[in-house]
Amino acid sequence: RMKGFLEWDRGNVKQGIDYIEQAITIIIPEGWKEKLNQYILSSEELELLDALAEMYIQQKWFDKAYILLHELYLYLEQSYERKLQKIKMYARVSYQMALVLIKFQKIETAYITCKNTLELLSKAGSLHQIPELWECMGNCIEIFAEKNFALKEQGIACFQRSYYLYLVKNQVEEAKK
């Protein structure tokens, strides 16, 4: 695990992936890729899987990222209690899942993922990934607006929310973007 994170930090993403995949095969039983929801995973195990998905995205291995994020998302979606317990991870996985869905042109599913996650975060009073989710939702609406121009204002409103939330979280560079 540590070798994987060190290699990733050094910019050796492929080597980092190899080490993280090795660590996963040690701590999670075989067959986890098909039925992750059959297991009870610790926060550390979930974070390891999430890091692996992020590495896949950096390598532009969107197929692998989608499969992994989909399993993580389904795992976290199993129960409302699980979502609340792991709210930070749920928000991060939902955001990454939405980004990958956009890459696969599944814009409506990405939009619904963002919307549902934002509703949950609002109920929980959590700011995890909120500006990113609003930005992603704005991207979805922007794509919808290509066919229905009336949605353009709604997309702009999402980007404005994202902008101000980035500023609230003192993420000035992201806000400028």
Minimum heavy-atom separation for [X] to [Y], with atom names?
| X | Y | answer |
| --- | --- | --- |
| V13 | M55 | CG1-O, 3.8 Å |
| L49 | I24 | CD2-CD1, 3.5 Å |
| R1 | I20 | O-CD1, 3.7 Å |
| A91 | H128 | CB-O, 3.5 Å |
| L48 | F5 | CD1-CE1, 3.9 Å |

If I take atom [atom1] from residue [X] and atom [atom2] from residue [Y], how far apart are they, to the nearest 0.5 angstrom?
| X | Y | atom1 | atom2 | value |
| --- | --- | --- | --- | --- |
| Q22 | I17 | CD | CD1 | 12.5 Å |
| D18 | K3 | CG | NZ | 12.0 Å |
| L118 | M137 | CG | CE | 5.5 Å |
| L76 | M89 | CG | CE | 7.5 Å |
| N116 | S94 | CG | OG | 8.5 Å |
| K64 | Y56 | NZ | OH | 4.5 Å |

Over 12 non-hydrogen atoms of neighbours within 6.0 angstrom of CD in E44
no
Take E119 and K123 through the test salt bridge (charged side-chain N to carboxylate O under 4.0 Å, His left out) and record every step on the way to the result.
CA-CA 6 Å; E119 288 173 4; K123 289 177 187 173; 5.6 Å; no
From the options L72, L68, L69, select the one residue that forms a side chain to side chain contact (heavy atoms under 4.5 Å, CB included) with Q96.
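It is L69; the other options fail the test.
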Out of I141, L133, L99, N139, which one pairs with C114 under the side chain to side chain contact (heavy atoms under 4.5 Å, CB included) rule?
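Of the listed options, the one satisfying the test is L133.
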Is the closest side-chain heavy-atom distance between L46 and D50 below 4.5 Å?
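No, every pair of side-chain atoms sits at 4.5 Å or beyond.
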With the side chain counted from C-beta on, respond yes when Y95 and T113 share a heavy-atom pair under 4.5 Å apart, and no when they do not.
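Sidechains of T113 and Y95: no contact.
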Solution key, residues 156-177 side-chain donor-acceptor pairs under 3.5 Å, sequence neighbours excluded:
from, atom 1, to, atom 2, distance (Å)
S162, OG, P131, O, 2.8
Y166, OH, E135, OE1, 2.7
K169, NZ, L127, O, 3.3
E174, OE1, K177, NZ, 3.1
K177, NZ, E135, OE2, 3.4

Would you mind listing every ring-ring contact (aromatic ring centres under 6.0 Å, His included) that reaches into residues 134-153, with sequence neighbours excluded?
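Passing the test, one end in residues 134-153: Y111-F144.
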Same cluster (ILVMFWY, side-chain, under 4.5 Å), L52 and Y19:
no
Run the side chain to side chain donor-acceptor pair (under 3.5 Å) check on W8 and Q15 step by step: do they pass?
CA-CA 7 Å; W8 186 21; Q15 185 63 51; over 6 Å; no
Could you go through residues 100-109 and list every donor-acceptor pair under 3.5 Å that involves a side-chain atom there, pairing it with any protein atom two or more places apart or in another chain?
none

